[in-house]
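Everything below concerns the one structure shown next.
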Amino acid sequence: MPGKLKVKIVAGRHLPVMDRASDLTDAFVEVKFGNTTFKTDVYLKSLNPQWNSEWFKFEVDDEDLQDEPLQITVLDHDTYSANDAIGKVYIDIDPLLYSEAATVISGWFPIYDTIHGIRGEINVVVKVDLFNDLNRFRQSSCGVKFFCTTSIPKCYRAVVIHGFVEELVVNEDPEYQWIDRIRTPRASNEARQRLISLMSGELQRKIGLKVLEMRGNAVVGYLQCFDLEGESGLVVRAIGTACTLDKLSSPATFLPACNSPSKEMKESPLVHPPSHGCRSTHNSPIHTATGSRLTQSFSVSVPTLIYTGMGSGSAGKEGGPFKALLRQQTQSALEQREFPFLTLTAFPPGLLVHVGGVVSARSVKLLDRIHNPDEPETRDAWWAEIRQEIKSHAKALGCHAVVGYSESTSICEEVCILSASGTAAVLSPRFLQEGTVDGSLEQRVEENLPVGCGFCHIPYDELNMPFPAHLTHCYNCRKQKVPDVLFTTIDLPTDAVVIGKGCLIQARLCRLKKKAQAEANATAISNLLPFMEYEVHTQLMNKLKLKGMNALFGLRIQITVGENMLMGLASATGVYLAALPMPGGIQIAGKTPSDGSYEQHISHMQKKINDTIAKNKELYEINPPEVSEEIIGSPIPEPRQRSRLLRSQSESSDEVTELDLSHGKKDAFVLEIDDTDAMEDVHSLLTDVPPPSGFYSCNTEIMPGINNWTSEIQMFTSVRVVRLSSLNLTNQALNKNFNGLCENLLKSLYFKLRSMTPCCLCHVNFTVSLPEDELIQVTVTAVAITFDKNQALQTTKAHAEKSLQRASTDNEELLQFPLELCSDSVPSHAFPAAKEHPESASSNSGTPAAQRATSVDYSSFADRCSSWIELIKLKAQTIRRGSIKTTVTVEKASPMGDGNFRNRSAPPCAGSTVGVVKMTPLSFIPGAKITKYLGIINMFFIRETTSLREEGGVSGFLHTFIAEVFAMVRAHVAALGGNAVVSYIMKQCVFMENPSKNQAQCLINVSGDAVVFVRESDLEVMSTQQPAVNCQPTCTGEVTT
Amino acid sequence: MTSELDIFVGNTTLIDEDVYRLWLDGYSVNDAVALRVRSGILEQTGATAGVLQSDTMDHYRTFHMLERLLHAPPKLLHQLIFQIPPSRQALLIERYYTFDEAFVREVLGKKLSKGTKKDLDDISTKTGITLKSCRRQFDNFKRVFKVVEEMRGSLVDNIQQHFLLSDRLARDYAAIVFFANNRFETGKKKLQYLSFGDFAFCAELMIQNWTLGAVDSQMDDMDVDLDKEFLQDLKELKVLVADKDLLDLHKSLVCTALRGKLSVFSEMETNFKNLSRGLVNVAAKLTHNKDVRDLFVDLVEKFVEPCRSDHWPLSDVRLFLNQYSVSVHSLDGFRHQTLWDRYMGTLRGCLLRLYHD
């Protein structure tokens, strides 16, 4: 009996009129937890009842405390007939179960009814007394903290990052066909809400147990999703990263975990007791599971792409033995784990060593009924299989870990596409095991890691590349090899040296598919997938080039399956990394040069493309310094030749190099226009209009190049559903429609938020679904943040050098390195390296390295299935790289803006209004410091109507519902004592309508972290002696190691 | 490709003031879009007509959802569904309850009943205000009226408390409620030259002096109804014109005092008895509801029009009315000085306000 839950019902207000005769209500409340129910007295004839109940006490197991939600039902008393329900409130009491979070839940909660929406509010107080009980066989995991945030939370320090945790639970869906319902809609909706609430509680508890087994105390980057599999059931699954976190004593000291707790810890990299046995539910090898899976369901594993920029030999020779040792160590640390994945997208300084590229895997499955909910083996096996594939992709890239990892599904009828993606990476062992590595080793490793470009250096062996690639020397440190383009799913590392600003880049694609049943359908889908992946990748690459940028961050590719089509939507944030070579232009080549007017048309388009690139460079302030050929080329000509040899196969495509003559000396892709399709593609490239002036957008947490955020933020969700007009659509028309839909949506957002300019849309998150045959639904959630234009100018102009100096001096006081380790080495090696960059750049001139007319494939396919890869290669041959000379003028680069300084000068928030709860998909709040995490918010709502027209049609219905969801999230946060939700995400928004029956239904699942934040202006008084400390990832310039 | 559903929901509810105004003015979405296009917003922002249409629809939907709350403004403050900064809340409420001068002149003093509501069509045609907007304004009047009608305490305070209006607007509503309750006739052709402001001014004076609340602020503090007892007592003033000696004495007192000070002295002298009879008879008649309703008609007929036809300047009217009221104190045979002051004090203010072209 380790817990006592206490609930008090205080009052209600704004209740609906339940008795038409008196225009009043006789309300009372039922409080239910588990199987115990208490009731308040009936408060007669009032819309604002004051119950002031006694404390209702529930004595329960902590296991139940974790699983069960507290259920509060408000009813209208009726003497003669059954009492009418007014509505319910579900309260997740999990935040009360661990120290540091909330101690009491108290406040006004909206009373929610699945048919009528919010009907008044109720004031409730909830407390929990936990008895300490050190039962070794306990099933609960009270005390494990959960965070949705995909970085180390602001007021914590990571001691150890244990690794990947996952779990899934399955059940029958209480209502798998909502239209043919048997019981009342209200009853089935409530059963469903309750079940999902229970399941997510259970899931969280189970994950918590795994974390405890790993000796962790927290889950970071916790992502929980529902798969509504219809008749075959309901799956709730979650992934996260287990960590051991330490609360930082002062809210002002925010840099996480730079000091290794080392020294006194006996260093022995090969002993990792914590990781043993932690994967209890998954210790059976996957392959045995595969057999059984095949007997019960049809499954197609789709060959997947590995997107990368090209690679190069990791350390080359210079890296030397230390690197090898480091690798060995990390590897061994990670290999203890079945899946060396992290769901984090931002990392404590020093953790991320190299990034290989994006790895993704998809698999098409046929759903069938889950026979035994207690043994969700099939679904487990499916995911295990995909994860295995991801792992092997990462290995192929010379990486032992995957970061920024996420999983998703798309379900249509009985077909389900499972997708997983992440970024292959090499991690430093520093956080991966308890008792860190030997200090001296670490120090030396660090010396080999140049600041701001280290993560770009390729992790795999140059001589043994997994795919043909095009490498150059790092433009930042000149020592190691970098790919020419880098794709990742993570956020831009805070120390990355970026030139100019970033921008949102999207690839959009539709593919028609014949309607089919079961296996035929699954096969058709899996045949289409590789082509979609390829085209999405091509689009991304072209658009990136068009923007004059060379790297993508936060890449998220969503493939959605519908009855008669597949949709692909990829979003990412493009940036220009100073370490990577300058991207070439795009060249167009016609197939039939004989025709004069055609030629003219081609050259006209070419001009348009060139103009666009030039315009974009100006728009995003991309002025990379000119880099000399000598510096990059001369020191090691040898590997270059060798790599050429290795790529002999792709060499064959060199014959088209003569194409580039007319077009200056740019390293260019050649788009060959051989049919109308290609023409359309080029056109569609040019139809993407840049955001209006004053607007920037990105899908990452921070916008590179902007760091002077002001405190005004506006989080929003926008939903659009369009009906495709005709039944015999072509792929082209479909693409055009889809493109138009997304572009228009963005335009609408810019228009609506025009009063906030200058501002940036951050964390723009598009979700596509195909609810019915001809319906496309696009949901966007993002946050608009204003910034100070004047300060922005200042930053970009004068700060290149100053910031570096300042940073290096600040650094010493900021980073809490043990002196013997780093205080000398870090600044001394790091900043000179970066600083000399502009200087050397301006002093030299010449041709850059990329003079070789190299291979075609910027994409690389590490895959086994060869039937389709041949096709792709055929197509890929139309895209070639020509030779170049850069002729860009030099300008001081390095907007390593010191956000911290900017930030602090943000104007004090005007009118700190009481009761306002901010919501943001970001992990921080501009101009403020998060002082406390109160717990995770994870809510699931169903809303249904049988009077759609009366509620303002589908738009009115959904508008109200989303507003209500926001309101309920805010109310819960406020009741926990918080004033903001960070890392907010709307994970699901399933909308179904049946206008002929005047009905609609919608399911929404949201989550986030409830926090308390304090305005920086208020903090300033307190932290005078901590001048530049800033927890926010806003500061791109926060130079750590 | 047609848009089935198109929504935007912000954590902070976005309010576009221009669209709000168009919505309040009762324009349909299409009309509002057309008006916005004409304002040149497309050129300023580079948006397309489609974007504008979607934006307008969205705002209209938001306003529609907010309307229910605006009917009881304190609800808007306490509700949890829309997060709106306080300054914006105030703006929403204030604008919602703001009315058109042309409209209020049409319904001022009318019974706020279904019958009147049926006439809104005509009012809309006559004033050029959309029917929708007329309905909103009419419903606002009626709603405020219903809430404060039976309430004790200061009328303005009650309105402010229950509708969170600015002081200015609350006063205007107090006048509207007061007029509606007493059904003062304001629509006669003779009264067309008067603005709402004129009536509101008079209403305020009357509320301050002639209602129950004016005499006893503790007990039975009703600002809406005229003090019936006071109206009964006003009969006593009749003696001022009925008693010939008293009337002559009054006249001579006024004339002596004003000789040489008025540009229209002779006109005043000839008209004195008529004017005085007019003013006193108005008072004496106020016992009948019917005559209460015609108060303003009578004042204009009996006083404003005669003076105007003799081209009295306003300053002369002021001098005359002052002297006319004050002189009564010197009438030895007259015992109702306080009653007279309560009546004439207010009436003097009203008449001065009503006296213009």
Side-chain angles (χ1 to χ4, degrees), chain A residues 13-14 108-110 117-118 121 692 713-725 737 740-741 744-745 747-755 775-777 783 911 913 915-920 952-960 962-968 970-971 974 984 991 993, chain B residues 1-19 29 33 36 41-69 71-72 74-90:
Chain A
R13 68 182 181 197
H14 305 151
W108 289 98
F109 291 89
I118 290 178
E121 289 119 43
I713 66 170
Q714 166 71 291
M715 189 282 295
F716 59 84
T717 293
S718 184
V719 185
R720 276 198 190 179
V721 177
V722 295
R723 186 175 289 280
L724 299 166
S725 44
N737 276 336
L741 171 60
N744 277 329
L745 189 46
K747 273 185 211 157
S748 270
L749 298 181
Y750 295 137
F751 181 76
K752 280 203 170 289
L753 299 163
R754 64 193 186 284
S755 64
L775 292 185
I776 305 177
Q777 178 190 331
V783 63
T913 44
V916 170
V917 174
K918 298 214 174 198
M919 290 168 74
T920 173
V954 286
S955 294
F957 171 71
L958 194 61
H959 192 147
T960 314
I962 291 179
E964 285 174 340
V965 169
F966 286 1
M968 288 183 277
R970 288 193 301 257
Y984 167 82
F991 178 73
E993 56 171 324
Chain B
M1 193 173 74
T2 49
S3 220
E4 289 264 304
L5 185 158
D6 179 3
I7 56 161
F8 175 100
V9 191
N11 183 37
T12 305
T13 306
L14 277 187
I15 308 287
D16 185 311
E17 288 184 42
D18 297 334
V19 184
V29 173
V33 170
R36 293 182 84 188
I41 196 163
L42 295 185
E43 290 75 25
Q44 284 163 33
T45 59
T48 61
V51 165
L52 202 62
Q53 171 88 18
S54 136
D55 179 68
T56 312
M57 284 279 278
D58 215 63
H59 283 300
Y60 266 55
R61 199 163 42 239
T62 309
F63 298 141
H64 182 73
M65 283 153 69
L66 284 169
E67 191 165 20
R68 188 178 53 86
L69 298 162
H71 290 168
K75 269 195 188 161
L76 184 70
L77 263 64
H78 291 122
Q79 54 83 31
L80 303 173
I81 298 181
F82 303 96
Q83 187 160 273
I84 305 172
S87 62
R88 288 265 139 172
Q89 288 179 342

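All chains are named by letter (A, B, ...) in the order of the sequence lines, taking the proteins before the strands, and each is independently numbered beginning at 1.
Listed here is the closest heavy atom pair of A:Arg720 and B:Asp6: NE-OD1, 3.0 Å.
The shortest side-chain heavy-atom distance between B:Ile41 and A:Phe751 falls under the 4.5 Å cut-off. No side-chain heavy atom of B:Leu80 sits under 4.5 Å from any side-chain heavy atom of A:Arg970. Between A:Phe991 and B:Leu5, the closest side-chain pair of non-hydrogen atoms falls below 4.5 Å. A heavy-atom distance below 4.5 Å is not found between the side chains of A:Ser955 and B:Met57. At a threshold of 4.5 Å between non-hydrogen side-chain atoms, the residues B:Thr62 and A:His959 count as touching. A 4.5 Å side-chain heavy-atom check between A:Leu753 and B:Phe8 finds at least one atom pair inside the cut-off. Residues A:Ile118 and B:Ile81 have side chains in contact (heavy-atom distance under 4.5 Å, counting atoms from C-beta outward). Using a 4.5 Å heavy-atom threshold, the side chains of A:Arg754 and B:Gln44 count as separate.
Counting heavy-atom pairs closer than 4.5 Å to chain B, the top residue among A:Met968, A:Met919, A:Gln777, A:Lys747 is A:Met919. Across A:Thr717, A:Val954, A:Val719, the residue that shares the most heavy-atom pairs under 4.5 angstrom with chain B is A:Val719.
With sequence neighbours excluded, the residues forming a side chain to side chain contact (heavy atoms under 4.5 Å, CB included) with B:His78 are A:Arg13, A:His14, listed by chain and number. A:Thr920 is linked by a side chain to side chain contact (heavy atoms under 4.5 Å, CB included) to A:Ile713, A:Val783, A:Leu922, A:Ile925, A:Val982, counting only residues two or more places apart in sequence or in another chain.
Between the side chain of B:Gln83 and the backbone N or O of A:Val917 there is at least one donor-acceptor pair closer than 3.5 Å. In this structure, B:Asp16 contributes its side chain and A:Lys752 its backbone to no donor-acceptor pair below 3.5 Å.
Neither the backbone nor the side chain of A:Val965 has a heavy atom closer than 4.5 Å to any heavy atom of chain B. Heavy-atom distances place the side chain of A:Leu775, and not its backbone, under 4.5 Å from chain B.
Taken from CG in A:Leu958 to CD in B:Glu4, the straight-line distance is 12.5 Å, to the nearest 0.5 Å. If you take CG on B:Asn11 and CD1 on A:Ile962, they are separated by 12.5 Å, rounding to the nearest 0.5 Å.
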